[in-house]
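The model shown is predicted, which means the values in this text are computed figures rather than measured ones. Throughout, residue positions are numbered sequentially from 1 according to the sequence presented.
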Amino acid sequence: MSDFETARDYIRANIKEMTALQTLLTAHPALAPESGGTGEAEKCAALEGWLSAQGFSDLRRFDAPDGRVPGGIRPNLIATVPGKSDARTVWVMAHLDVVPIGEPALWQGDPWTVTEKEGRLYGRGTEDNQQGLVSGVFAALSLLRTGIVPAHTVKLLFMADEECGSAYGIRYLLDKHPSLFRKQDLIVIPDGGDPTGETIEIAEKNIYWLRVHTSGRQCHGSRPDEGNNACLAACDLALRLHDLERHFGAKDALFTPDHSTFQPTKREANVGSVNIIPGDDVFCMDCRVLPQYPLDEVRAEIKKRIAAVEAQYGVKVETEELQAEQSPATPADAPVVQKLAAALQTSRGVTARTVGIGGGTVGAYLRCKGYHAAVWSTLDERAHQPNEYCVIENMVKDAETLAALFVQD
């Protein structure tokens with residue numbers, strides 16, 4: 001048998017062990033302090049112990065200091081499988097943290113206990129991002145257990161803080177440990193995809209999150225002439241900012257949707273009674289902008305529209321940028337894209353196609369530093385939803401594809 005066939009057979013013979021690892025990981029909630037949690041340390045320790053017991057001997061921690069959590073650290077763990085050549089490294093990067101469960105009543109069972117039903121594993125984190133994590137682990141484990149030496153060194157990176165901005169995860173590593181990565185490395189991030197596993201994400205829309213605080217003058221509901229209605233002004237401004245979808249109106253078929261989006265989202269409470277005209281109002285904007293539009297152009301247009309609303313309503317508007325990320329695309333002919341496409345063809349006869357996405361992944365941070373990264377997986381896209389699940393067969397197929405990538409010359 002070929003090395004790929006040997007690795008594939010090992011993976012297929014160990015599906016129960018893959019499920020067991022999912023169960024172990026889910027039982028250790030890894031919520032960021034921003035979400036009321038204590039971070040990823042407990043989950044990372046459980047994973048590190050499991051990896052060591054399975055024969056991974058080269059395990060290194062790169063912990064980011066964070067005084068908000070018990071122990072004061074946010075862990076980043078790297079497991080290495082040496083290859084025939086170290087000219088480049090094949091990375092599989094998955095994140096340890098998860099999002100909160102949301103409304104408990106919407107879950108059919110305990111979100112922190114894996115339930116297997118009809119070929120699916122239900123539980124918070126099972127798809128986002130434990131499916132990719134487990135697939136990478138078992139693709140690498142298939143090499144260790146069968147004696148296959150990969151063509152190039154394989155490294156599995158288990159990151160902190162992806163769900164809340166990556167300041168203690170990939171951004172920390174890029175800033176404090178830049179020598180970990182090389183421009184010739186192949187970087188695969190199994191944290192986005194489609195139900196067929198055929199799409200390879202090579203580009204992301206620019207992300208721009210804005211908190212908008214409108215200050216007017218409060219008054220009685222019967223005397224609006226004595227105040228400046230901050231809620232009314234903010235509503236008008238929200239519509240004007242939403243209209244930026246028309247102003248920045250280009251389309252790009254690489255993305256779905258194919259245009260920039262400017263959406264009002266979160267709104268904070270203002271007054272406590274119907275008969276009070278608010279003097280303060282706060283809302284947020286989630287903007288996903290095609291890469292052809294620099295964020296400075298967006299900022300300039302937002303500033304003009306804010307000035308118009310201030311003049312019309314006699315209010316003052318202050319903004320806070322909650323997130324502002326823009327990154328170049330990975331070329332469609334980059335080695336990581338071509339080799340991942342070849343692995344998909346080998347492992348499942350799938351012809352890959354490249355896409356862009358509106359959501360953010362750690363790929364954006366890597367691309368900003370000049371590293372070519374490909375985001376890929378086989379997903380039903382249940383991330384962040386109640387009754388999140390991982391399709392077991394997707395997890396297995398993704399492990400097989402990663403194994404095919406590992407044994408490529």
Query raised in the report: With a 3.5 Å cut-off and no angle check, do the side chains of Tyr172 and Asn76 form a donor-acceptor pair?
Result: no

Query raised in the report: Is there a donor-acceptor pair under 3.5 Å between the side chain of Arg367 and the backbone N or O of Ala373?
Result: yes

Query - Side chain Glu5, main chain Ser2, donor-acceptor under 3.5 Å - result: yes

Query raised in the report: Distance-only, no hydrogens or angles: does the Trp376 side chain make a donor-acceptor pair with backbone N or O of Gly193 under 3.5 Å?
Result: no

Query raised in the report: Can you tell if the side chain of Trp209 reaches within under 4.5 Å of the side chain of Arg288, non-hydrogen atoms only?
Result: yes

Query raised in the report: Which value, rounded to the nearest 0.5 Å, describes the distance between Ile189 atom CD1 and Ser377 atom OG?
Result: 11.5 Å

Report task. Evaluate the side-chain proximity of Val81 to Leu156: yes if any heavy-atom separation is below 4.5 Å, no if none is. Result -> no

Report task. Of all the heavy-atom pairs spanning Trp112 and Val99, show the shortest one and how long it is. Result -> CH2-O, 4.4 Å

Query raised in the report: After noting the C-alpha distance and the side-chain angles of Arg348 and Thr378, does the key distance pass the side-chain contact (heavy atoms from CB on, under 4.5 Å) rule?
Result: CA-CA 12 Å; Arg348 60 177 91 173; Thr378 309; 2.9 Å; yes

Query raised in the report: Heavy-atom distance under 4.5 Å between the side chains of Pro278 and Asn229, does that happen here?
Result: yes

Query raised in the report: Distance from Ile207 atom CD1 to Leu295 atom CG, nearest 0.5 Å?
Result: 10.0 Å

Report summary line: Sorted by chain and residue number, the salt bridge (Lys or Arg N to Asp or Glu O under 4.0 Å) partners of Arg124 (sequence neighbours excluded) come out as Glu388

**Report entry** Over all atoms of both residues, closest heavy-atom pair of Ala203 and Phe255
**Finding:** O-CE2, 3.8 Å

Report task. Indicate yes or no: at least one non-hydrogen side-chain atom of Arg8 is less than 4.5 angstrom from one of Met1. Result -> no

Query raised in the report: When rounded to the nearest 0.5 angstrom, what distance separates SG in Cys231 from OH in Tyr313?
Result: 11.0 Å

Requested in this report: Using atom types as modelled and distance alone, determine if a side-chain donor or acceptor of Asp185 lies under 3.5 Å from a backbone N or O of Ile187.
Outcome: no

Side-chain donor-acceptor pairs under 3.5 Å in residues 244-251, sequence neighbours left out?
residue: Glu245; atom: OE2; partner: Phe262; partner atom: N; Å: 2.9
residue: Glu245; atom: OE2; partner: Gln263; partner atom: NE2; Å: 2.8
residue: Arg246; atom: NE; partner: Asp243; partner atom: OD1; Å: 3.0
residue: Arg246; atom: NH2; partner: Asp243; partner atom: OD2; Å: 2.8

Requested in this report: Would you please say whether a donor-acceptor pair under 3.5 Å links the side chains of Thr265 and Asp286?
Outcome: no

Query - Test item: Leu180 and Lys155 side chains (from C-beta on) under 4.5 Å apart, heavy atoms - result: no

Query raised in the report: Are Arg61 and Asp63 close enough for a salt bridge, meaning some N to O gap below 4.0 Å?
Result: yes

Requested in this report: Under the ring-ring contact (aromatic ring centres under 6.0 Å, His included) rule, collect the residues that match up with Phe62, sequence neighbours excluded.
Outcome: His177

Query raised in the report: Can you list the steps and then say if Ile15 with Ile392 is a side-chain contact (heavy atoms from CB on, under 4.5 Å)?
Result: CA-CA 8 Å; Ile15 296 175; Ile392 296 174; 3.7 Å; yes

Query raised in the report: Does the salt bridge (charged side-chain N to carboxylate O under 4.0 Å, His left out) test come out yes or no for Arg299 and Asp296, once each step is laid out?
Result: CA-CA 5 Å; Arg299 291 183 178 101; Asp296 281 346; 2.8 Å; yes

Report task. Determine the minimum heavy-atom distance between Met18 and Ala399, stating which atoms define it. Result -> CE-CB, 4.1 Å

Query - side-chain contact (heavy atoms from CB on, under 4.5 Å) involving Pro257 - partner list, sequence neighbours excluded - result: Lys205, His259, Thr261

Report task. Find out whether Leu186 and Pro335 are in side-chain contact, i.e. whether some heavy atom of one side chain is under 4.5 Å from a heavy atom of the other. Result -> yes

Report task. Search all heavy atoms of Ala30 against all heavy atoms of Leu96 and return the closest pair with its distance. Result -> CB-O, 3.5 Å

Query raised in the report: For Arg171, does its backbone N or O pair with a side-chain atom of Asp175 as donor and acceptor, under 3.5 Å?
Result: no

Query - For Ala343, side-chain contact (heavy atoms from CB on, under 4.5 Å) partners two or more places apart - result: Thr401, Ala404, Leu405, Gln408

Report task. Scan for side chain to side chain donor-acceptor pair (under 3.5 Å) pairs involving residues 127-138, sequence neighbours excluded, and state none if there are none. Result -> Gln22-Gln130, Thr26-Gln130, Lys43-Gln130, His95-Asp128, Asp128-His384, Asn129-Asp191, Gln131-Asp398

Query raised in the report: Are side-chain heavy atoms of Val154 and Val92 found at a separation under 4.5 Å?
Result: no

Report task. Give a yes or no on whether the backbone of Asp194 and the side-chain of Glu198 come within a donor-acceptor separation of less than 3.5 Å. Result -> no

Report summary line: Minimal heavy-atom distance between Asp380 and Pro195, with the atoms involved, is OD1-CB, 4.0 Å

Report task. Using the test side-chain contact (heavy atoms from CB on, under 4.5 Å), find all partners of Leu59 that sit at least two apart in sequence or belong to another chain. Result -> Glu48, Leu51, Ser52, Phe56, Leu77, Ala79

Query raised in the report: Between Glu301 and Lys304, does a salt bridge (charged side-chain N to carboxylate O under 4.0 Å, His left out) hold up when you go through it step by step?
Result: CA-CA 5 Å; Glu301 186 60 30; Lys304 289 196 303 186; 3.2 Å; yes

Query raised in the report: Can you list the residues that meet the side-chain contact (heavy atoms from CB on, under 4.5 Å) rule with Ala230, with sequence neighbours excluded?
Result: Thr214, Asp281

Query raised in the report: Could Lys266 and Phe283 be counted as a cation-pi pair, given that NZ or CZ must be under 6.0 Å from the ring centre and within 45° of the axis?
Result: no

Report task. Mind checking the CD1-OG1 spacing from Ile148 to Thr6? Nearest 0.5 Å is all I need. Result -> 5.0 Å

Query raised in the report: Within a reach of under 6.0 Å around CZ of Arg68, are more than 12 heavy atoms found that belong to other residues, nucleotides or ligands?
Result: yes

Query - Atom pair CD1 (Ile101) and OG (Ser35), whose distance is rounded to the nearest 0.5 Å - result: 12.0 Å

Report task. Please check if atom CG in Asp86 has more than 12 non-hydrogen atoms from other residues, nucleotides or ligands closer than 6.0 Å. Result -> yes

What side-chain donor-acceptor pairs closer than 3.5 Å can you find for residues 354-364, not counting sequence neighbours?
residue: Thr361; atom: OG1; partner: Glu204; partner atom: OE2; Å: 2.3
residue: Thr361; atom: OG1; partner: Gly363; partner atom: N; Å: 3.0

Report task. Return each pair, listed once, that meets ring-ring contact (aromatic ring centres under 6.0 Å, His included) where at least one residue sits in residues 127-160; pairs must be two or more places apart or across chains. Result -> Trp50-Phe138

Query raised in the report: Does a sphere of radius 6.0 Å around NZ in Lys339 hold more than 12 heavy atoms from other residues, nucleotides or ligands, not counting ones at 6.0 Å or beyond?
Result: yes

Query - Separation of Ile78 CD1 from Leu157 CG (nearest 0.5 Å) - result: 5.0 Å

Report task. Taking Asp252 for its side chain and Leu254 for its backbone only, find out whether a donor-acceptor pair lies under 3.5 Å. Result -> yes

**Report entry** ring-ring contact (aromatic ring centres under 6.0 Å, His included) partners for Tyr122, two or more places apart
**Finding:** Tyr389

Query raised in the report: Does some side-chain heavy atom of Ile170 sit less than 4.5 Å from a side-chain heavy atom of Glu162?
Result: no

Report task. Please report the C-alpha distance between Glu320 and His213 in whole Å, then the side-chain angles of each, then the deciding distance to 0.1 Å, and finally whether the side-chain contact (heavy atoms from CB on, under 4.5 Å) criterion is met. Result -> CA-CA 8 Å; Glu320 176 188 358; His213 179 197; over 6 Å; no

Query raised in the report: How would you list, by chain and number, every residue that makes a salt bridge (Lys or Arg N to Asp or Glu O under 4.0 Å) with Glu163, sequence neighbours excluded?
Result: none

